[in-house]
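Below is one structure, written out as structure tokens; comments come after it.
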Number of protein chains: 2
Amino acid sequence: MILKSQVEWALHCCAILAGLPDGRYLSTKALAEFHGLPKEYLSKALQGLSHAGLVDTSLGPSGGYRLAKPPADINFLEIVEAVEGRQRTFICSNIRANNPCRPKDYCESSPCAVARIMWEADEAWREKLRGVRLSDLVGILSQEIPPQLWKSSFEWVLERAG
Amino acid sequence: MILKSQVEWALHCCAILAGLPDGRYLSTKALAEFHGLPKEYLSKALQGLSHAGLVDTSLGPSGGYRLAKPPADINFLEIVEAVEGRQRTFICSNIRANNPCRPKDYCESSPCAVARIMWEADEAWREKLRGVRLSDLVGILSQEIPPQLWKSSFEWVLERAG
DNA sequence: GGGGGCATACTCGGATATCTAGTGTCCGAGTGCTATAGG
DNA sequence: CCTATAGCACTCGGACACTAGATATCCGAGTATGCCCCC
């Protein structure tokens, strides 16, 4: 059980978009080049973000993506679910129903105990992601990345932002 | 990102094995029949448990599997990791290193901030699973399952336990 | 009747096919920019 | 010189191959059992 690499890409791309001035767009091409990723495939991750309403798109030259909401209003879970899907990581196929001793008219009332426990863990994971905002990530990055690199990266992006 | 169905099977099988009297073994065949699962494939999940040292095996007629430790000394995470593997759900391919503005002699000191956040969520998930013991599951099941069904299932298993 | 040896049937374990889902690529519809022609 | 228009280049979005991992199956090595023979 491993998250798609698209999740990593989407998070990094959102971090870049968060630093974009209001009204500017950044294209898939620029994002792909900046991260050294296949442009065509990265676009699928960005499509997921677009579909989830996290980013706005613009067509034509100087078009691309920008955040649809302020970075403080976007959390990690939204981004992860936009790419990875919203279904739980544990699927209960209710194998207890195959118990040969089970009476035929017997019908389970509550979900399987095993599933409930697994779902609780799943929810703990989601809750943790829900608690981290995109703005938090930007804050961390701005402290960790050397000012020189931060500045030049910002300029690199602005040169290509439409 | 969805856990293998083997995880579900392994958990249910462990619950059955937890009710087995000391020294008795239960075969893959019996476990598969009880849960309505393909015998050959279920054996792979049990192999995982065996490899992780959670269960002991015995060959020949009346052989099979039994728990290697008391149910109170086995937690959900051990079982899940035995089947699913121990690697983290988020893999960082360090795409920040592809930043075209990055100086060539620059070397990241700490792991990527994105990865750290994702790993924290992963750890929250694991911590939750680590906190549930196999004996807890058995306790829940013994309360939820109708006594009649519980009893007949137990007898069904004992008839086939070597 | 008791004990030892042997064939047997059953077990697990790893090696081998099939299928779904993640990965990667391609092309088309649509839009904003730009250059040009006309006023 | 300014404006309107037409062409164009660039954008995203969905449709189409490829590959890895999950799913399913098979066969072989090894052992405890039970039967049979011998004492």
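So that the names make sense, note that chain A is the first sequence line, chain B the second, and so on, each numbered from 1.
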Counting just side-chain N and O atoms, does [X] come under 4.0 Å of either OP1 or OP2 of [N]?
X: A:Gln6; N: C:dT23; value: no
X: A:Thr57; N: D:dT11; value: no
X: B:Ser50; N: C:dC12; value: no
X: B:Ser58; N: C:dT11; value: no
X: A:Tyr41; N: C:dT23; value: yes

What's the closest nucleotide to the [X] side chain, out of [options]?
X: A:Pro61; options: D:dA22, C:dT25, C:dG32; result: C:dG32
X: B:Glu40; options: C:dT23, D:dC27, D:dC12; result: D:dC27
X: A:Ser5; options: C:dT23, C:dG13, D:dT23; result: C:dT23
X: A:Ser62; options: D:dA32, C:dT25, C:dC33; result: C:dC33
X: B:Ser27; options: D:dT11, D:dT25, C:dC12; result: C:dC12

In plain terms, say whether [X] and [Y] are close enough for a salt bridge, that is, a side-chain N and a carboxylate O under 4.0 Å apart.
X: A:Arg133; Y: A:Glu78; value: no
X: B:Lys128; Y: A:Glu127; value: no
X: A:Glu123; Y: A:Arg130; value: yes

Counting any heavy atom closer than 4.0 Å, what does A:Gly64 reach on the DNA or RNA strands: base, sugar-phosphate only, or nothing?
->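 Sugar-phosphate: the residue A:Gly64, judged by heavy atoms under 4.0 Å, touches backbone atoms but no base.
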What is the nucleic acid contact for B:Tyr25, judged by heavy atoms within less than 4.0 Å: base, sugar-phosphate only, or nothing?
->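 No contact.
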Could you state the atom-to-atom distance from CG of B:Leu3 to P of C:dA21 in whole Å?
->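 For the pair B:Leu3 CG and C:dA21 P, the rounded distance is 15 Å.
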Please indicate whether A:Gln148 has more than 12 foreign heavy atoms, meaning atoms of other residues, nucleotides or ligands, lying under 6.0 Å from its CD.
->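 Atom CD in A:Gln148 is not packed in, count stays at 12 or less.
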Along DNA chain C (nearest heavy atom to each residue), the more 5'-positioned of A:Ser43 and B:Leu59 =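 Looking at DNA chain C, the more 5' nearest nucleotide goes with B:Leu59.
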Test log, rule salt bridge (charged side-chain N to carboxylate O under 4.0 Å, His left out), inputs B:Arg102 and B:Glu108 = CA-CA 10 Å; B:Arg102 204 179 73 133; B:Glu108 282 83 10; 3.0 Å; yes
Starting from the 5' end of DNA chain D, give me the residue, A:Leu26 or B:Ile2, whose nearest nucleotide shows up first.
->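 Its nearest nucleotide being more 5', the pick is A:Leu26.
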